[in-house]
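Written out below as structure tokens is the structure these notes cover.
Start at 1 and go down the list; that is how both ligands and their atoms are numbered.
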Amino acid sequence: MAKQNPYAPTPADRFTFGLWTVGNPGRDPFGEPTRPRLSPAQIVELLGQVGGVHGVNFHDNDLVPIDATQAEAEQIKRDFRKALRRARLRVPMATTNLFTDPVFKDGAFTSNDADVRAYAIQKTMNGMHLGAEFGAKTYVFWGGREGTDTNVSKDPVQATGWFREAINFLCRYNRDQRFGYRFALEAKPNEPRGHIFAPVTGSMLGFISTLDLPDMVGVNPEFAHEQMAGLNFPQVVAEAIDAGKLFHIDLNDQEAGRFDQDLRFASQSYKHAFFVAKLLIDYRYRGPKHFDSHAYRTADYADVKAFAAGSMRSWKILEAKVYRFNRDRRIQNLLGKIHHDRPQLARLTRRYSKQNAKAILNAEFNRKKLAARPLPYEQLDQLLFDLLMGVR
Ligand code: GLT
Ligand code: MN
Ligand code: MN
């Protein structure tokens with residue numbers, strides 16, 4: 001009997017791809033597509049062949065081209081629905097393309113033109129209907145062109161206000177229509193504009209607290225986007241978890257200082273990828289894990305399938321490593337040594353009171369002794385390396 005693959009994905013893993021990710025034809029700013037374009041139904045079929053995928057996400061225009069007639073739209077949706085049924089795939093997330101068409105050249109919700117701003121809201125409401133038709137429960141907002149190429153062109157305080165108005169408006173539409181969406185705001189620090197508003201997930205988290213219906217809105221952090229900003233993605237994910245705002249996550253990879261690469265998850269930053277997996281596992285994230293990446297431009301569709309299967313396989317391997325790490329005696333002993341717990345002190349620092357303040361002011365601390373406590377992080381980090389490289 002053939003040995004079972006311990007890293008085989010299943011729909012319970014909630015792995016998702018986008019029509020725009022596996023369907024990416026390999027176009028870049030310097031070159032034409034290297035792969036033939038696939039229809040939405042063909043992309044679903046391809047994912048079905050890969051196996052173990054939970055769902056496929058789309059922008060309104062990934063599914064229905066912006067200039068499609070009503071009849072064309074209906075036909076595309078019928079074919080897509082049939083393909084979904086055949087491949088047993090769901091649509092957990094939908095979003096709006098507010099960046100490709102020239103009308104959005106100066107942004108959408110933050111365009112200087114009131115007509116464009118209203119059109120962007122209209123397009124999003126229609127996109128929400130489209131997503132709802134296929135059962136989507138998360139609606140992502142990636143700003144795309146919300147920003148400027150030169151600071152002379154916009155008042156960023158006014159633009160932030162317009163962005164807030166748009167999200168507030170759409171939250172209420174969501175409630176009125178009973179779509180039941182959770183909104184997930186996705187940040188990106190640069191590209192396609194010179195300057196982008198709310199460029200990192202931390203900005204989005206701050207912004208959410210200023211909204212009318214903040215409970216409806218969370219974040220969709222993307223690995224590559226935070227790496228582009230030089231940030232530590234696991235820390236970004238941790239902040240979103242801590243705020244109760246990790247509604248969705250975009251997994252991929254990126255080398256520092258490069259163009260927007262959207263590399264296959266864990267193909268580059270093994271260590272960061274491991275800690276992202278660890279956070280999602282330890283804190284029981286149950287949402288979709290969306291691979292927002294595309295295959296190398298050199299790939300043909302056989303290789304695109306390998307790319308999709310590889311994304312999920314890498315997650316499953318890292319998942320197994322996380323369990324191993326959490327069970328590893330030496331690692332856990334070292335971690336235990338590093339954490340000095342003092343319940344009496346913890347009780348005092350947990351909450352402010354006049355007595356607690358007094359007690360802390362009166363406590364004695366031996367600064368030199370504290371500074372001399374060992375922190376064997378070199379040992380710990382090497383153990384991690386050994387574990388990740390499979391020699392432990
Ligand atoms: C685009 C972007 C991604 C976003 C997608 C959702 S579109 O590919 O680079 O990071 O998640 O709009
Ligand atoms: Mn991206
Ligand atoms: Mn993304």
Side-chain angles (χ1 to χ4, degrees), residues 15-29 33 40 43 55-64 66 91-101 104 107-109 120 123-124 127-128 130-131 136 138-147 163 166-167 170 181-193 196-201 204 218-229 231 233 236-237 240 246-256 258-269 276 287-297 307 311:
F15 292 132
T16 64
F17 294 85
L19 287 181
W20 72 97
T21 66
V22 272
N24 181 297
R27 204 186 52 181
D28 73 12
I43 297 169
V56 62
N57 307 318
F58 58 71
H59 297 83
D60 50 355
N61 304 135
D62 298 336
L63 186 62
V64 180
I66 196 163
V91 176
M93 176 271 257
T95 181
T96 330
N97 184 326
L98 296 173
F99 41 88
T100 298
D101 195 88
F104 300 123
F109 301 142
K123 192 170 191 288
T124 305
M128 289 165 70
L130 185 63
T138 304
Y139 206 83
V140 163
F141 292 81
W142 171 58
R145 295 184 191 277
E146 309 294 13
F163 191 61
I167 301 294
L170 293 163
Y181 280 122
R182 297 209 299 170
F183 288 1
L185 308 184
E186 177 177 347
K188 180 175 177 180
N190 53 271
E191 286 189 73
R193 301 303 296 275
I196 307 254
F197 298 144
V200 292
T201 298
M204 294 299 188
V219 292
N220 176 35
E222 176 172 314
F223 203 121
H225 294 177
E226 308 292 325
Q227 298 235 115
M228 271 178 206
L231 300 179
F233 189 60
V236 171
V237 173
L246 189 66
F247 286 9
H248 199 266
I249 190 162
D250 278 5
L251 298 173
N252 56 6
D253 214 334
Q254 171 77 27
E255 291 209 54
R258 304 285 159 84
F259 60 96
D260 181 10
Q261 292 176 302
D262 284 330
L263 295 170
R264 190 180 77 256
F265 170 67
S267 59
Q268 182 57 36
S269 328
V276 170
K289 293 186 283 286
H290 171 75
F291 293 109
D292 199 13
S293 47
H294 45 75
Y296 303 128
R297 188 159 178 266
F307 147 88
S311 303

When distances are taken from atom 12 (O) of ligand 1, the protein heavy atom at minimum range is His59 NE2, 2.7 Å
Which of Thr201, Asp250, Thr95 passes side chain to side chain donor-acceptor pair (under 3.5 Å) with Asn220? Answer is Asp250
Closest to the Mn ion (ligand 2), among the N/O/S atoms of Glu222, is atom OE2
Per-atom filter on ligand 1: closer than 4.0 angstrom to a heavy atom of Asp250 are 11 (O)
The Mn ion (ligand 2) has as its nearest N, O or S atom from Asp262 the atom OD1
Is there a side-chain contact between Met128 and Thr96, using heavy atoms and a 4.5 Å cut-off? no
Row for the Mn ion (ligand 3): angle OD2 (Asp250) to OD2 (Asp292), 10° precision, value 90°
Under 4.0 Å from one or more heavy atoms of Glu186, ligand 1 contributes atoms 3 (C), 4 (C), 10 (O), 11 (O)
Residue, atom and distance of the protein heavy atom nearest atom 3 (C) of ligand 1 read Asp292 OD2, 3.0 Å
query = Mind checking whether His225 has a heavy atom under 4.0 Å from ligand 1?
reply = yes
TODO: Determine, using ring centers only, whether Phe99 and Phe104 are less than 6.0 Å apart.
DONE: no
re atom 8 (O) of ligand 1, the protein heavy-atom contact at minimum distance is Trp20 NE1, 3.3 Å
Rounding to 0.5 Å, atoms CZ (Phe141) and CZ (Phe163) come to a distance of 8.0 Å
query: Is it true that a side-chain atom of Glu146 and a backbone atom of Phe109 form a donor plus acceptor pair closer than 3.5 Å?
result: yes
Exactly one candidate in Asn97, Asn61, Asp292 meets side chain to side chain donor-acceptor pair (under 3.5 Å) with Trp20; the answer is Asp292
For Glu222, is at least one N or O under 3.5 Å away from an N or O on ligand 1?
yes
- Item | Ring centroid separation His248 to Trp142 under 6.0 Å | no
Separation between NE2 (His225) and CZ (Phe233), nearest 0.5 Å, reads 10.0 Å
Among N, O or S atoms, Glu186 approaches the Mn ion (ligand 3) most closely through OE2
